[in-house]
**Q** 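Would you mind keeping the following structure in view while I ask a few things?
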Amino acid sequence: MRALDPERLAGGAVAVAPRLLNLVLVSGPTAGRVVEVEAYSAADDAASHAFRGRTRRNAAMYGPPGTLYVYLSHGVHACANVVCGPEGTAAAVLVRALEPVAGLEQMRKRRPTARSDDELCAGPGRLCAALAIGLELDGADLVEGDRGIQLLDDGTTPPATPLVGRRVGLGTRAGADAELPWRFGVPGSTSLSRPFGEQQMTRA
DNA sequence: CTTTGGATCGTCT
DNA sequence: GACGATCCAAAGG
């Protein structure tokens, strides 16, 4: 296990997102391997929280690459993003699913509704619950790991050919391009939030 | 299996 | 005052 090379966070959300696959997110005694992510560009992406400029909520997105951006979804679930470069552009990558690696006992206690270990971190809200990632961690430095949460490289390289698909759950915002293939996954993973490919349209 | 609606609250209009 | 980058349980086929 070694610290994340900052170079891996340079280059914009769409370029960075697939490169984050297979890194390990560690939060206290719990840890999971990143198996699914989504890119959120800023100025050119109506689906991004930073599309309309800086606000109190999205301030962390304007921090340096490697900053953790946590927001509350539907007043119920926290979702975690990794801010990437170039610094100040407010580009970020949403972590959508992890494969549980350590602290499974703790995760099961935090997520009693999970039917199997594969479901513990299979979803942006789910993984935050399993790793106890809350709003209080917004703005943490994932490279230094100063606040008990860190992104590490255990030597596993990103998949040469990641799964690619459309982003999930985009709102009905005018201008948001739901067709963009900005969702990436690790082929064969059994911890994805949902399948890739020409699948369901949970939104009409 | 698919579809539907409720929960719940910080943020922005 | 409206609305989610979601999750889950319940109801319907």
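Note that the structure is predicted; figures quoted are calculated from it, not measured. Numbers restart at 1 for each chain; the letters A, B, ... are given by sequence-line order, proteins then strands.
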**Q** Which residues pass the salt bridge (charged side-chain N to carboxylate O under 4.0 Å, His left out) test with A:R19, not counting sequence neighbours?
**A** none
**Q** Treating A:R110 as the side-chain partner and A:C128 as the backbone partner, does any N or O pair qualify as donor plus acceptor under 3.5 Å?
**A** no
**Q** Rounded to whole Å, how long is the line connecting atom CG of A:L94 with atom P of C:dG4?
**A** 16 Å
**Q** Roughly how many Å is it from OH in A:Y69 to C1' in C:dA5, rounded to a whole number?
**A** 9 Å
**Q** Across the strands shown, which category fits A:R126 at heavy-atom distances under 4.0 angstrom: base, sugar-phosphate, nothing?
**A** sugar-phosphate
**Q** Restricting to pairs with a member in residues 6-15 of chain A, which pass salt bridge (Lys or Arg N to Asp or Glu O under 4.0 Å), not counting sequence neighbours?
**A** A:R8-A:D153
**Q** CG of A:L192 versus P of C:dT6: gap in Å, rounded?
**A** 16 Å
**Q** Output the rounded distance in Å from CZ (A:R166) to P (C:dA5).
**A** 17 Å
**Q** Rounded to the nearest angstrom, tell me the gap between atom CZ in A:F51 and atom P in B:dT13.
**A** 13 Å
**Q** Between which residue ranges does DNA chain B form stems of three or more consecutive Watson-Crick or G-U wobble pairs, both distances under 3.5 Å?
**A** B:1-7 with C:6-12, B:9-12 with C:1-4
**Q** Ring stacking, A:Y40 with base of C:dA5, under 5.5 Å and under 30°?
**A** yes
**Q** Would the distance check show the side chain of A:D146 and the main-chain N or O of A:D141 forming a donor-acceptor pair, the cut-off being under 3.5 Å?
**A** yes
**Q** Do A:L4 and A:L23 have side chains that get closer than 4.5 Å, going by heavy atoms?
**A** yes
**Q** Considering residues at least two apart in sequence or located in another chain, which fulfil the side-chain contact (heavy atoms from CB on, under 4.5 Å) criterion with A:A129?
**A** A:R111
**Q** When the nearest nucleotide of DNA chain C is assigned to A:E119 and to A:V168 on a heavy-atom basis, which residue is associated with the more 5' position?
**A** A:V168
**Q** Just by distance, do the side chain of A:S48 and the backbone of A:D45 share a donor-acceptor pair under 3.5 Å?
**A** no
**Q** Taking atom P of B:dT11 as reference, at what distance in whole Å does atom CZ of A:R54 sit?
**A** 14 Å
**Q** Under the side chain to side chain donor-acceptor pair (under 3.5 Å) test, which residues partner A:S73, sequence neighbours left out?
**A** none
**Q** What does A:R115 touch in the nucleic acid at a heavy-atom separation under 4.0 angstrom: a base, only the sugar-phosphate, or nothing?
**A** nothing
**Q** Rounded to whole angstroms, how far apart are CG on A:L170 and C1' on C:dC3?
**A** 15 Å
**Q** How close or far is atom P of C:dA5 from atom CG of A:L180, stated in whole angstroms?
**A** 16 Å
**Q** Pairs under 3.5 angstrom, nitrogen or oxygen only, protein versus nucleotides 7-10 of chain B, please.
**A**
from	atom 1	to	atom 2	distance (Å)
B:dT8	O2	A:H74	O	2.4

**Q** Strictly under 6.0 Å, is that where the ring centroids of A:Y40 and A:H49 end up?
**A** no
